[in-house]
Amino acid sequence: MIEFPQKGIRNEDIINQLNAMKSMDADWKNARIFSLVFNAGNEVKEFAEKAFNTFINENSLSPFTFPSLLRMENEVVAMMINLLGGNADTVGNMTTGGTESLMSAVKAARDYARENKPEITDPQLVMPLSAHPSINKAAHYLGIKTVIVPTDNCSVVKPDDIRASLNKNTIMLIASAPSYPHGIIDPIKEIAGIAAENNIWFHVDACVGGMVLPFLKNAGYHVPDFDLRIPGVWSISADIHKYGYSPKGASIILYRDDNLRKYQMFAYTEWPGGIYATTSVAGSRSGGPISASWGLIKYLGFEGYMRLADTAMKAVKLLQSGINSIPGLHVIGNPVSTIFAIGSDSYNIYAIGDMMKSRGWYLDSQQKPPSLHMTIMPEHIKIVENFIKDLREVTSKVAGLKEGEMGGDAALYEIINSVPDKRESTALAIQFLNDMYKVGK
Ligand SMILES: *Cc1c(COP(=O)(O)O)cnc(C)c1O
């Protein structure tokens, strides 16, 4: 057992220990990872840290005590409304991340349905399989059933399949721009049409795309409409802590108007501690993500973000042609943004990921189909050649291995997918978490 320390140690030793632990982690600063930390280089990072630290201790729970945070949150939302095609009626809030933005949107849709469609007693939410699991989590927390629409191997959901999944209990449709696993933009316009015909709440999850697609479009890449410019879109989420390059804790949720947003809010007026009212799930929130977001949008501006998106896209094109030139490997589907996945018809792709890891490249394993995830950031432009060289070598090594010698996550996915009852595979994953979050394991 580790004891709570009796005496404090007031010297640099602790910071040295922290840095020593950090040195064991994945090397994101040298663009060795393809998820989790959005890296636009040192200059942007140092500015973001300064802007973050300016309000690191302030608490945006009370806009009366810290009016500066209220002002900055409203201004960030206003700038994002402008970016994502909103108008004078559009409103929104900052949240601590994509998960909270989606939780807020699903809660709003649920409470909207409770008030406006009281005949619905078994609320359901329709979404493609490729949509983000934070939506499943929100539905689970909020007591809503999910109806998952299958996505084929290219992960493009068919609008007719969406239509066929609706019933009298459907309260909400969600689609992604783009989806996280393969970077594929769902047919937003068509789905918005289906939602409008049936008077159903339609949320666009642009958590990862909201701060890159508008800039790619302006840089001349083909990007279909995905945002509030499409009339059937009732709400949209975008994470500033992804391609907005803020440190973690920053996202936005926008609604067509106040009448939709009001269902997101919570208020309790009887508390002895005062009237308690919050916009989203979190209570106390650091001001850091708000000041960092506000600062970064002003620091980079449309042109700065466009330059970064263009650089990331150049890396994407080089990486994709490099990958497609390696026999047996291919880019999955037809991604149009800065996210894609590597698949293989010939080799165990998980073994390739495993061997890349031993060379210091961290690629997350994905399933359905088996693939390796690539979220590309501007800093990846520096590693294209080395990465492709290693990937080529690793692929030819894996080609020479026998099934038993491969390792990687293949066995894990085999176990999970061989369990017929999803409750059982869910229990396995939860058991894994229970075991992992213990000292000494
Ligand atoms: C990242 C992501 C989310 C969840 O966001 P968090 O910030 O991790 O909570 C939701 N949807 C999509 C498409 C995402 O990429």
Side-chain angles (χ1 to χ4, degrees), residues 28 33-39 48 52 76 80 84 92-109 125 127-142 146 148-149 151 155-157 172-188 191 202-214 216 223 226-227 233 235-254 280-282 285-286 288-290 292-293 296 309 312 333 335-341 364 366 371 373-377:
W28 63 267
I33 68 174
F34 299 87
S35 60
L36 298 167
V37 182
F38 287 72
N39 187 358
F52 191 100
V76 167
M80 291 303 292
L84 296 176
N93 286 94
M94 285 193 74
T95 71
T96 57
T99 302
E100 196 183 11
S101 288
L102 286 156
M103 186 76 70
S104 302
V106 175
K107 181 205 176 288
L125 183 170
M127 64 194 251
L129 179 65
S130 52
H132 198 272
S134 57
I135 305 163
N136 305 69
K137 183 177 177 177
H140 180 74
Y141 279 24
L142 293 162
T146 50
I148 307 296
V149 182
T151 44
S155 297
V156 186
V157 72
M172 187 178 205
L173 280 172
I174 302 188
S176 319
S179 72
Y180 181 80
H182 313 103
I184 287 165
I185 301 178
D186 289 329
I188 302 294
I191 300 173
F202 178 37
H203 178 86
V204 172
D205 179 5
C207 278
V208 76
M211 292 209 76
V212 70
L213 295 180
L216 287 177
V223 176
F226 68 97
D227 58 18
V233 176
S235 57
I236 186 168
S237 49
D239 293 348
I240 304 176
H241 68 202
K242 287 188 178 148
Y243 283 105
Y245 305 110
S246 164
K248 247 51 85 192
S251 174
I252 54 128
I253 167 78
L254 305 180
S280 51
V281 182
R285 279 194 284 161
S286 166
I290 298 175
S293 298
L296 277 164
V336 297
S337 76
T338 48
I339 293 180
F340 62 95
D364 297 331
Q366 305 189 134
S371 57
H373 181 84
M374 301 209 80
T375 290
I376 303 307
M377 304 141 202

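Both counts, for ligands and for their atoms, begin at 1 and track the order of listing. Quick note: numbers below take in every heavy atom, side chains included, and nothing from hydrogens, waters or symmetry partners.
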Asks: As an exercise, state the distance from CD1 of Ile184 to OG1 of Thr151, rounded to the nearest 0.5 Å.
Replies: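 Reported to 0.5 Å precision, the distance equals 8.5 Å.
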Asks: So, using side chain to side chain donor-acceptor pair (under 3.5 Å) as the criterion, who are the partners of Ser235 when residues are at least two apart?
Replies: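 For Ser235 the side chain to side chain donor-acceptor pair (under 3.5 Å) partners, ignoring immediate neighbours, are Trp201, His203.
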Asks: I'd like to know if the side chain of Glu100 reaches the main chain of Thr95, judged simply by a donor and an acceptor atom lying under 3.5 Å from each other, with no hydrogens or angles considered.
Replies: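 Pair absent, no side-chain N/O of Glu100 close to backbone of Thr95.
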Asks: Which heavy atom in Ser35 sits nearest to a heavy atom in Asp364, and how many Å separate them?
Replies: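 Closest pair (atom of Ser35, atom of Asp364, distance): OG-OD2, 2.8 Å.
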Asks: Pairs under 3.5 angstrom, nitrogen or oxygen on both sides, ligand 1 versus protein: list them out, please.
Replies:
from: ligand 1; atom 1: 5 (O); to: Gly98; atom 2: N; distance (Å): 3.4
from: ligand 1; atom 1: 5 (O); to: Asp239; atom 2: OD2; distance (Å): 3.4
from: ligand 1; atom 1: 5 (O); to: Lys242; atom 2: NZ; distance (Å): 3.3
from: ligand 1; atom 1: 7 (O); to: Gly98; atom 2: N; distance (Å): 2.9
from: ligand 1; atom 1: 7 (O); to: Asp239; atom 2: OD2; distance (Å): 3.4
from: ligand 1; atom 1: 7 (O); to: His241; atom 2: NE2; distance (Å): 2.7
from: ligand 1; atom 1: 9 (O); to: Gly98; atom 2: N; distance (Å): 3.3
from: ligand 1; atom 1: 9 (O); to: Thr99; atom 2: N; distance (Å): 2.7
from: ligand 1; atom 1: 9 (O); to: Thr99; atom 2: OG1; distance (Å): 2.5
from: ligand 1; atom 1: 11 (N); to: Asp205; atom 2: OD1; distance (Å): 3.4
from: ligand 1; atom 1: 11 (N); to: Asp205; atom 2: OD2; distance (Å): 2.6
from: ligand 1; atom 1: 15 (O); to: Lys242; atom 2: NZ; distance (Å): 3.1

Asks: State, to 0.1 Å, how close Thr146 and Ala139 come at their nearest heavy-atom pair, and which atoms those are.
Replies: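 For Thr146 versus Ala139, the nearest heavy atoms are CG2-CB, 3.5 Å.
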Asks: Check the orientation of His132 and Tyr180. Use parallel for under 30°, tilted for 30 to 60°, and perpendicular for over 60°.
Replies: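 Perpendicular, since the angle between the ring planes exceeds 60°.
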